[in-house]
Amino acid sequence: MKPYIPPQIPRLALAFAIFISLFILLRNFLVPDTFGQYGHYRGASLIDNAQNEIHYAGQKACFECHQDIQDLKAQDVHSDIHCETCHGPGQKHVISGEAGDIIKPSGRAFCGNCHEVNAAKQKTVVFQVDLNKHNVGKNCIECHNPHQPWEMKK
Amino acid sequence: MNSSRRKFLKSAVTLAGATIGYTWLKSSQVFLYAAEPKDESLPWYGIVIDISKCIGCGNCAKACKSENDVPVEPFFFRTWVEQYTVRNDGTVDIVSPNGGIDGFQQRVPSEDIFKSFFVPKMCNHCAKSPCIQVCPVGATYDSPEGVVLVDEKYCIGCRYCVQACPYGCRFIHPVKKVANKCTLCYHRLKKDLAPACMEVCPTGARMYGNLRDKNSDLVKFLKEHTTQVLRPNLNTGSKLYYNALSSEVK
């Protein structure tokens, strides 16, 4: 005996089937290709993020040309400080080689960024001076060579 | 009438079947993306910030802005430095003028200072990060290297993640109108360069490294020091470890 199926059931089932297939069809076009490649995100986004342009070249690139500064720097307390800490982003300069593409900082305020006395700085980490007392009116680099701060200029 | 309806239904069912079949073949993308394969051959990045070494020069915040083209307005930062000053009466003064880029001027008179220190802040690259959990579209994610990244093309700018981050490390980019945050300089890591903030840190207060490699400098540091993450009670799985962290830090 054939079981009785109310007529609305197959009709509803059909309607559902159509909606679900439409959903899957639309989803197929709306979801990006690499979505779900590694997780719940667009896999190609990893490549997008990795392709951002670099502005800081890294110390190694600097020393390819400036071997003399590397040797100079190695002898004194600034040896662990990378070039771009003071000279700013150097990728442009690495490519062009132009002196105008790199910063040559000077001035008391610049050195003071690290060396001005502040209660929050540990004395063992950085040598601190009170900019209001230490040779006021003079530029730091008149006496100190920034690459070799304790070899005083005469 | 009747025959045309039958014809229509027939073609509809055929279309549905074909679509389902096609999607099925397309590596079963009908279902959830629950599984997240972790590639063991890739590094799993962690960060250490040594508060006792930070001198508040603000080079990290400055370098981050130029490396990642972060808007210059003083309220958009991917990394910034805060100065905490605990007074003798126990109150805490927290300042971060322009994220520390212009340096710090001690505004608490020295006779009132109990202690003072700098705290550099950046994305914690949490392993169970709240910002990823709230993203409604899957535009922010944990990369296979454990770096939390934003998909700028997919982000809808709803700001859920900005609210969800307990460390305040996200903002909406004023031009792109999408979420923006520290990427641990993912583009630099892929070129074997250190993140910009770590490249320029004069005292080596910031370190990054592979947590999977037990011989890496980072893991050695973690072994030899007592480090702490921010807000451990939230169980975010933060991978940014602070050395010499005081309880005043929020």
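Residue numbering restarts at 1 for every chain, and letters A, B, ... go by the order of the sequence lines. The analysis underlying the following values was restricted to heavy atoms, covering all of them including side chains, and did not include hydrogens, waters or symmetry mates.
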Fill in the blank from the handout: When the 4.5 angstrom heavy-atom criterion is applied to A:Asn52 and chain B, the contacting part is both

Problem - Check: B:Ser66/A:Tyr56 side-chain N/O donor and acceptor closer than 3.5 Å - result: yes

Handout entry: NZ/A:Lys60: more than 12 non-hydrogen atoms of other groups inside 6.0 Å
Key = no

Problem - Leading residue by heavy atom contact count with chain A [cutoff under 4.5 Å; candidates B:Ile132, B:Val150, B:Leu189] - result: B:Val150

Exercise for the section: Could you tell me which portion of B:Val108 (side chain, backbone, both or neither) has an atom closer than 4.5 angstrom to a non-hydrogen atom of chain A? Expected result: neither

Exercise for the section: Locate the shortest heavy-atom distance separating A:Ala119 from B:Gln106; write the atom from each residue and the value. Expected result: CB-NE2, 4.1 Å

Exercise for the section: Count the heavy atoms belonging to other residues, nucleotides or ligands that lie under 6.0 Å from CG of A:Asp80, then report whether that count exceeds 12. Expected result: no

Fill in the blank from the handout: Cut-off 4.5 Å, heavy atoms of chain A, and the answer for B:Glu67 is both

Problem - Closest non-hydrogen atom pair, A:Ile81 against B:Pro202 - result: CG1-O, 3.5 Å

Fill in the blank from the handout: Honestly, the part of B:Val147 sitting under 4.5 Å from a heavy atom of chain A is neither

Handout entry: Toward chain A, the part of B:Leu193 with a non-hydrogen atom under 4.5 Å
Key = side chain

Exercise for the section: Go through A:His78, A:Glu53, A:His82, A:Gln59 and name the one with the most non-hydrogen pairs under 4.5 angstrom from chain B. Expected result: A:His82

Practice task
State which residues pass side-chain contact (heavy atoms from CB on, under 4.5 Å) with B:Asp102; sequence neighbours excluded, sorted by chain then number.
Solution key: B:Asn98

Practice task
For residues B:Gly103 and A:Asn113, report the shortest heavy-atom separation together with the two atoms involved.
Solution key: CA-OD1, 3.9 Å

Handout entry: Per-residue contact mode, B:Leu9 against chain A (heavy atom under 4.5 angstrom)
Key = side chain

Exercise for the section: Taking atom CG of B:Asp217 as the centre, report whether more than 12 heavy atoms of other residues, nucleotides or ligands fall under 6.0 Å from it. Expected result: no

Handout entry: From A:His115, A:Lys121, A:Gln128, residue fulfilling side-chain contact (heavy atoms from CB on, under 4.5 Å) relative to B:Ile55
Key = A:Lys121

Exercise for the section: Below 4.5 Å from any heavy atom of chain A, which atoms of B:Tyr154 appear? Answer side chain, backbone, both or neither. Expected result: side chain

Handout entry: Side-chain heavy-atom pair B:Lys153, A:Arg42 within 4.5 angstrom cut-off
Key = yes

Handout entry: Contact summary for A:Ala50 and B:Lys190, nearest pair of heavy atoms
Key = CB-CG, 3.9 Å

Problem - Enclosure of B:Lys115 NZ (heavy-atom neighbours >12, cutoff 6.0 Å) - result: yes

Practice task
Please collect all side chain to side chain donor-acceptor pair (under 3.5 Å) contacts where either partner lies in residues 6-25 of chain A, sequence neighbours excluded, each pair once.
Solution key: none

Exercise for the section: Could you tell me which portion of B:Ser110 (side chain, backbone, both or neither) has an atom closer than 4.5 angstrom to a non-hydrogen atom of chain A? Expected result: neither

Practice task
Give a yes or no on whether A:Ile5 atom CD1 has more than 12 heavy-atom contacts from other residues, nucleotides or ligands under 6.0 Å away.
Solution key: no

Exercise for the section: Heavy atoms only, distances under 4.5 angstrom: which of A:Val117, A:Thr124, A:Asp48 has the most pairs with chain B? Name it, please. Expected result: A:Asp48

Practice task
Give a yes or no answer on whether the side chain of B:His187 reaches the backbone of A:Asn49 with a donor-acceptor pair at less than 3.5 Å.
Solution key: no

Handout entry: Close side-chain approach of A:Leu46 and B:Pro144, heavy atoms under 4.5 Å
Key = yes

Exercise for the section: Check whether B:Asp151 gets within reach of chain A through its side chain, its backbone, both or neither, counting any heavy atom under 4.5 Å. Expected result: both

Handout entry: Interface moiety of B:Tyr84 toward chain A, non-hydrogen atoms closer than 4.5 Å
Key = neither

Fill in the blank from the handout: Checked A:Gly112, A:Cys83, A:Gly88, A:Gly58 vs chain B; the most non-hydrogen pairs under 4.5 Å come from A:Gly58

Handout entry: Side-chain heavy atoms of B:Asp69 within contact of A:His55, under 4.5 Å
Key = yes

Handout entry: Max heavy-atom pair count under 4.5 Å with chain A, selected residue of B:Ile51, B:Thr183, B:Leu149, B:Val137
Key = B:Leu149

Practice task
Could you tell me which portion of A:Ile54 (side chain, backbone, both or neither) has an atom closer than 4.5 angstrom to a non-hydrogen atom of chain B?
Solution key: both

Completion exercise
B:Phe118 and A:Ala120 have their tightest heavy-atom pair at CE1-CB, 3.4 Å

Handout entry: chain A contact via B:Lys191 - side chain, backbone, both or neither, heavy atoms under 4.5 Å
Key = side chain

Practice task
Taking the side chain as every heavy atom from C-beta outward, state whether A:Glu116 and B:Gln105 have any pair of such atoms under 4.5 Å apart.
Solution key: yes

Handout entry: Residue A:Ala57 versus chain B: region with a heavy atom under 4.5 Å
Key = backbone

Exercise for the section: Report yes if the distance between the aromatic ring centroids of B:Tyr141 and A:Tyr38 is under 6.0 Å, otherwise no. Expected result: no

